[in-house]
Amino acid sequence: MARKFLRDMREVDNMLHKVLARYRKAKTPLLPPGQGMLIGFLMKNTDREIFQKDIEAEFDIARSTVTATLDSMERKGYIVREAVKRDARLNKITLTPKAVESHNRIVADLEQLERVMFKDISSDEADALFSAMDKIKSNLYNIYSQGGKPDGN
């Protein structure tokens, strides 16, 4: 069962990447996936100030990677970094209207893709799939966080 599952997951992942790549070529170029996810994170957290350290923690990525990503997004006009009065070392990251528009377009496109992907799948089947995926992610996280190899327990 495990080999079939892993093979099927890999096949679904490959097909999804191919569909998304074709979609990007057919439409206005979208942001790289990492930048799109970052905009999504900022959109979900408009009620609080977000700093670089928050992004590093949320995505578990190095400071240098986040710096390069933010620099690129700032050059492209998707974010602005604003100094915070209480601490000159901190720069609050704020989305621009261009980023919000891009995010809304991407969300609409992904919702359409999900509708197509789940076309012949019942609510119960989708619920079972998501429940199983949550358990798989939890099991994999436990292996990863302990730095060990899977032991089957």
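Computation of the quantities below employed the complete heavy-atom set of this structure, encompassing side-chain atoms and omitting hydrogens, waters and symmetry-equivalent molecules.
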Rounded to the nearest 0.5 Å, what separates atom [atom1] in [X] from atom [atom2] in [Y]?
{"X": "Lys18", "Y": "Asp13", "atom1": "NZ", "atom2": "CG", "answer": "11.0 Å"}
{"X": "Leu110", "Y": "Arg115", "atom1": "CG", "atom2": "CZ", "answer": "10.5 Å"}
{"X": "Phe118", "Y": "Leu113", "atom1": "CZ", "atom2": "CG", "answer": "9.5 Å"}
{"X": "Thr96", "Y": "Lys76", "atom1": "OG1", "atom2": "NZ", "answer": "12.5 Å"}
{"X": "Ile79", "Y": "Ile50", "atom1": "CD1", "atom2": "CD1", "answer": "12.0 Å"}

Taking [Y] as the starting point, is it possible to reach [X] by hopping between hydrophobic residues whose side chains are less than 4.5 Å apart?
{"X": "Ile106", "Y": "Met117", "answer": "yes"}
{"X": "Met73", "Y": "Ile61", "answer": "yes"}
{"X": "Val116", "Y": "Val19", "answer": "no"}
{"X": "Ile55", "Y": "Leu90", "answer": "no"}

side-chain contact (heavy atoms from CB on, under 4.5 Å) involving [X] - partner list, sequence neighbours excluded:
{"X": "Arg89", "value": "Asp87"}
{"X": "Asp71", "value": "Thr67, Arg75, Arg81"}
{"X": "Arg7", "value": "Lys4"}
{"X": "Lys92", "value": "Glu49, Phe51, Glu82, Val84, Thr94"}

pair Met9-Phe5: side-chain heavy atoms closer than 4.5 Å: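 Sidechains of Phe5 and Met9: in contact.
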
With sequence neighbours excluded, residues passing side-chain hydrogen bond (donor to acceptor under 3.5 Å, both in side chains) with Asn14: none

For Ser72, side-chain hydrogen bond (donor to acceptor under 3.5 Å, both in side chains) partners two or more places apart: Gln35

Pairs involving residues 53-65, ordered by first then second residue, that meet salt bridge (charged side-chain N to carboxylate O under 4.0 Å, His left out) (sequence neighbours left out): none

Anything under 3.5 Å between a donor and an acceptor, one on a side chain of residues 37-47, the other on a protein residue two or more places apart or in another chain? List them.
from	atom 1	to	atom 2	distance (Å)
Asn45	OD1	Arg48	NE	3.1
Asn45	ND2	Phe41	O	2.8

CD/Glu101: more than 12 non-hydrogen atoms of other groups inside 6.0 Å: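 No - once you tally the heavy atoms of other residues, nucleotides and ligands closer than 6.0 Å, there are 12 at most.
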
Shortest non-hydrogen separation from [X] to [Y] and the atoms involved:
{"X": "Gln52", "Y": "Val66", "answer": "CG-CG1, 3.4 Å"}
{"X": "Tyr78", "Y": "Ser102", "answer": "CE2-CB, 4.1 Å"}
{"X": "Asn142", "Y": "Ser145", "answer": "O-OG, 3.2 Å"}

Listed pairs under 3.5 Å, donor-acceptor, residues 125-137 side chains, sequence neighbours left out:
from	atom 1	to	atom 2	distance (Å)
Glu125	OE1	Ser122	N	2.8
Glu125	OE1	Ser122	OG	3.3

Qualifying ring-ring contact (aromatic ring centres under 6.0 Å, His included) pairs with a residue from residues 84-109, counting only residues at least two apart or across chains: none

